[in-house]
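Everything on this sheet refers to the single structure shown next.
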Amino acid sequence: MQHEVESRVWDVVAKAGICMMVTRFAGGLRARPLEALPDRQEGAIFFLTDVRGLKDDEIQRHAEICLTFVYAEEKVYLSIAGTAVVARDTERARALWTEKQRVWWPGGPEDPNLRVIRVEPHRAEMWDGPASSAVAACEFAKARRTGEKPNLGEKRKVRVDLGET
């Protein structure tokens with residue numbers, strides 16, 4: 001079961017692609033959208049980012065971050081807590097690079113403003129909702145008939161420890 005849930009978490013990260021990364025700064029918490037580049041073999045999620053965006057400073061002060069993913073097609077909501085590290089890593093940037101990123105970093109993987117964020121996930125919580133609106137409609141109809149709460153995700157919530165805590 002643990003392996004299946006872990007595999008599902010990695011599948012959702014790959015399918016969703018974009019997530020909100022929550023970091024801590026002096027005034028509280030800040031969330032911003034980023035493209036997640038997961039590497040199951042390494043057990044890490046990578047991001048390309050710009051040094052001018054302040055994420056690197058926030059992560060250096062507070063390495064604990066949260067990633068939130070929504071994969072609407074399958075109605076899956078995923079929250080991952082982990083530890084982040086920011087580095088000027090041209091080799092890794094080259095491995096993650098696609099030409100669409102040149103819009104932000106005209107110098108390519110060697111651009112002086114490009115940084116790589118590596119997130120090591122520790123814990124994931126996933127709400128796997130009904131995969132179709134037909135299932136949701138059935139759940140609502142059943143709820144009206146029985147008076148019970150519809151099973152739209154809360155009973156489908158799972159938690160999995162992904163790394164060392």
Would Glu73 and Lys15 pass as an ion pair if we require N to O under 4.0 Å? no
Interatomic distance, Asp39 atom CG to Arg92 atom CZ [nearest 0.5 angstrom]: 6.0 Å
Taking atom CG of Leu34 and atom NZ of Lys55, what is their separation to the nearest 0.5 Å? 5.5 Å
For Ala84 against Ile117, the heavy-atom pair lying closest together: CB-CG2, 4.1 Å
Would you give the length of the straight line joining atom CZ of Arg32 to atom OG1 of Thr49, rounded to the nearest 0.5 angstrom? 7.5 Å
Side chains of Asp50 and Trp105: any donor to acceptor distance under 3.5 Å? yes
Going from CG on Leu96 to CD on Glu91, what distance comes out if it is rounded to the nearest 0.5 angstrom? 11.0 Å
Closest non-hydrogen contact found for Phe69 with Ala36 is CE2-CB, 3.7 Å
I'd like to check Leu114 versus Trp97 (side-chain heavy atoms, cut-off strictly below 4.5 Å). Are they in contact? yes
Any luck finding a side-chain donor-acceptor pair between Thr23 and His62 under 3.5 Å? no
Do the charged groups of Arg123 and Glu125 touch, with an N to O distance under 4.0 Å? no
Assess whether atom CZ of Arg8 is packed by more than 12 heavy atoms of other residues, nucleotides or ligands within 6.0 Å. yes
Straight-line distance of Leu67 CG to Met20 CE, nearest 0.5 Å: 11.0 Å
Can you get from Leu37 to Leu78 by hopping between Ile, Leu, Val, Met, Phe, Trp and Tyr side chains that sit under 4.5 Å apart? no
Distance col, row Asp56:CG vs Arg88:CZ, nearest 0.5 angstrom, shows 12.0 Å
